[in-house]
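Comments concern the structure below.
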Amino acid sequence: QVQLVEYGGGLVQAGGSLRLSCVPSESIFSVMNMGWYRQAPGKQREMVAVYNAGGNEFYAESVKGRFTISRDDAKNTVYLRLNSLKPEDTAVYYCAAGRAVRYYAAGHVDLLVDYWGQGTQVTVSS
């Protein structure tokens with residue numbers, strides 16, 4: 001059972017930045033696609049960004065140009081850089097790993113998740 005441990009959440013003012021980190025308990029990047037999801041109170045969990053095994057990045061429209069997903073194989077870590085944060089970005093952010101990605105029209109993707117992290121809270125104050 002792979003475990004995903006997230007770091008880096010916190011409280012930040014609107015316009016600020018954070019970097020989230022996700023460290024798997026095993027080296028899985030060669031076989032797993034990685035992603036970040038978020039869930040705000042009263043809302044469904046939604047895809048934020050996906051980094052597929054081929055090194056391609058995909059983003060939700062709401063975060064394009066502000067968030068960046070990256071992967072450091074040497075450190076066995078996936079990152080999510082959050083810039084220009086808005087109060088509506090407030091949510092619990094989850095790291096996810098999956099063997100498959102579902103591709104939709106217009107560049108939308110979704111990870112078929114095999115493993116979830118425990119989540120890290122990001123709160124953006126106005």
Side-chain angles (χ1 to χ4, degrees):
Q1 182 80 1
V2 175
Q3 295 184 337
L4 305 174
V5 181
E6 298 117 332
Y7 304 92
L11 173 64
V12 64
Q13 288 189 331
S17 297
L18 283 174
R19 189 180 75 166
L20 307 183
S21 302
C22 171
V23 182
S25 58
E26 305 172 17
S27 295
I28 59 172
F29 294 158
S30 62
V31 296
M32 288 285 187
N33 307 279
M34 303 299 296
W36 287 92
Y37 284 69
R38 68 184 180 186
Q39 188 167 19
K43 294 189 177 181
Q44 288 190 329
R45 194 172 297 190
E46 62 176 357
M47 189 277 290
V48 175
V50 167
Y51 192 103
N52 73 6
N56 299 299
E57 304 166 28
F58 302 87
Y59 298 92
E61 284 296 326
S62 59
V63 307
K64 274 184 182 177
R66 300 190 298 123
F67 292 7
T68 303
I69 188 170
S70 61
R71 193 183 80 190
D72 187 329
D73 290 0
K75 295 184 178 180
N76 195 39
T77 302
V78 173
Y79 301 99
L80 184 68
R81 178 71 179 181
L82 300 77
N83 291 332
S84 303
L85 281 160
K86 306 175 181 180
E88 52 263 43
D89 294 318
T90 295
V92 178
Y93 283 71
Y94 297 90
C95 180
R99 291 178 177 85
V101 177
R102 183 172 291 149
Y103 298 92
Y104 299 95
H108 177 66
V109 304
D110 208 3
L111 197 58
L112 300 180
V113 179
D114 292 293
Y115 305 104
W116 290 102
Q118 81 284 359
T120 184
Q121 177 70 46
V122 171
T123 302
V124 185
S125 63
S126 57

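This one's a predicted model, so the numbers in the text were calculated from it and none came from an experiment.
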task: List the atom of Ser84, the atom of Asp89, and the distance in Å for their closest heavy-atom pair.
output: O-OD2, 4.4 Å
task: Please lay out, stage by stage, how Val124 and Val122 fare under the test side-chain contact (heavy atoms from CB on, under 4.5 Å).
output: CA-CA 7 Å; Val124 185; Val122 171; 4.2 Å; yes
query: In terms of hydrophobic clusters joined by side-chain contacts under 4.5 Å, are Trp36 and Tyr51 together?
result: yes
message: Quick check: closest heavy atoms across Arg38 and Ala91, and the distance to 0.1 Å?
response: CB-CB, 3.8 Å
- prompt: If every non-hydrogen atom of Ala97 is compared with every non-hydrogen atom of Met34, which pair is closest and at what distance?
  reply: CB-SD, 3.6 Å
statement: Separation between CD (Gln13) and CG (Leu11), nearest 0.5 Å, reads 8.0 Å
field: Heavy-atom closest contact (Glu61 atom, Lys64 atom, distance)
entry: OE2-NZ, 2.8 Å
task: Show your working on side-chain contact (heavy atoms from CB on, under 4.5 Å) between Trp116 and Cys95 and close with a plain yes or no.
output: CA-CA 6 Å; Trp116 290 102; Cys95 180; over 6 Å; no
task: Show your working on side-chain contact (heavy atoms from CB on, under 4.5 Å) between Leu82 and Leu20 and close with a plain yes or no.
output: CA-CA 8 Å; Leu82 300 77; Leu20 307 183; 3.7 Å; yes
- request: For this output row, return yes or no: ring centroids of Tyr103 and Phe58 closer than 6.0 angstrom.
  value: yes
field: Linked, directly or transitively: Leu80 and Val101 (ILVMFWY side chains, under 4.5 Å)
entry: no
query: Cluster question for you: counting only ILVMFWY and a side-chain heavy-atom cut-off of under 4.5 Å, with indirect links fine, are Val31 and Phe29 together?
result: yes
- prompt: Under a 4.5 Å cut-off applied to non-hydrogen side-chain atoms, are Val78 and Ile69 in contact?
  reply: yes
message: Whether the side chain of Arg81 engages the backbone of Thr68 through a donor-acceptor N/O pair (distance < 3.5 Å, no angle test) should be reported.
response: no
- prompt: Measuring from Asn76:CG to Ser21:OG, what's the distance to the nearest 0.5 Å?
  reply: 12.0 Å
task: Please lay out, stage by stage, how Tyr59 and Glu57 fare under the test side chain to side chain donor-acceptor pair (under 3.5 Å).
output: CA-CA 7 Å; Tyr59 298 92; Glu57 304 166 28; 2.6 Å; yes
message: If you count every heavy atom of other residues, nucleotides or ligands that lies below 6.0 Å from Gln3 atom CD, does the total exceed 12?
response: no
task: Might you point out which heavy atoms bring Ala14 and Pro87 nearest each other, and give the distance in Å?
output: CB-CD, 4.1 Å
Asn33 backbone acceptor or donor facing Asn52 side chain under 3.5 Å: no
- prompt: Does Val113 share a hydrophobic cluster with Val50, counting links as ILVMFWY side-chain heavy atoms below 4.5 Å and allowing steps through other members?
  reply: yes
message: Can you give me the closest heavy-atom contact between Pro24 and Val2, atom names plus distance?
response: CB-CG1, 4.4 Å
- request: Using atom types as modelled and distance alone, determine if a side-chain donor or acceptor of Glu6 lies under 3.5 Å from a backbone N or O of Gly119.
  value: yes
- prompt: Is any side-chain heavy atom of Tyr115 closer than 4.5 Å to a side-chain heavy atom of Arg99?
  reply: yes
field: Within-4.5 Å side-chain heavy-atom neighbours: Ser17 and Val12
entry: no
task: Please test Tyr37 against Leu111 for side-chain contact (heavy atoms from CB on, under 4.5 Å), starting from the C-alpha separation and ending with a verdict.
output: CA-CA 10 Å; Tyr37 284 69; Leu111 197 58; 3.2 Å; yes
- prompt: About how many Å separate CG of Asp114 and CD of Gln1, when rounded to the nearest 0.5 Å?
  reply: 9.5 Å
task: Using the six-membered ring wherever Trp is involved, compare the ring planes of Phe67 and Tyr93 and label them parallel, tilted or perpendicular (cut-offs 30° and 60°).
output: tilted
task: Drop me the distance from Arg71's CZ to Met32's CE, to the nearest 0.5 angstrom.
output: 12.5 Å
- request: State which residue, out of Leu18, Thr123, Val63, Thr90, fulfils the side-chain contact (heavy atoms from CB on, under 4.5 Å) condition with Leu85.
  value: Leu18
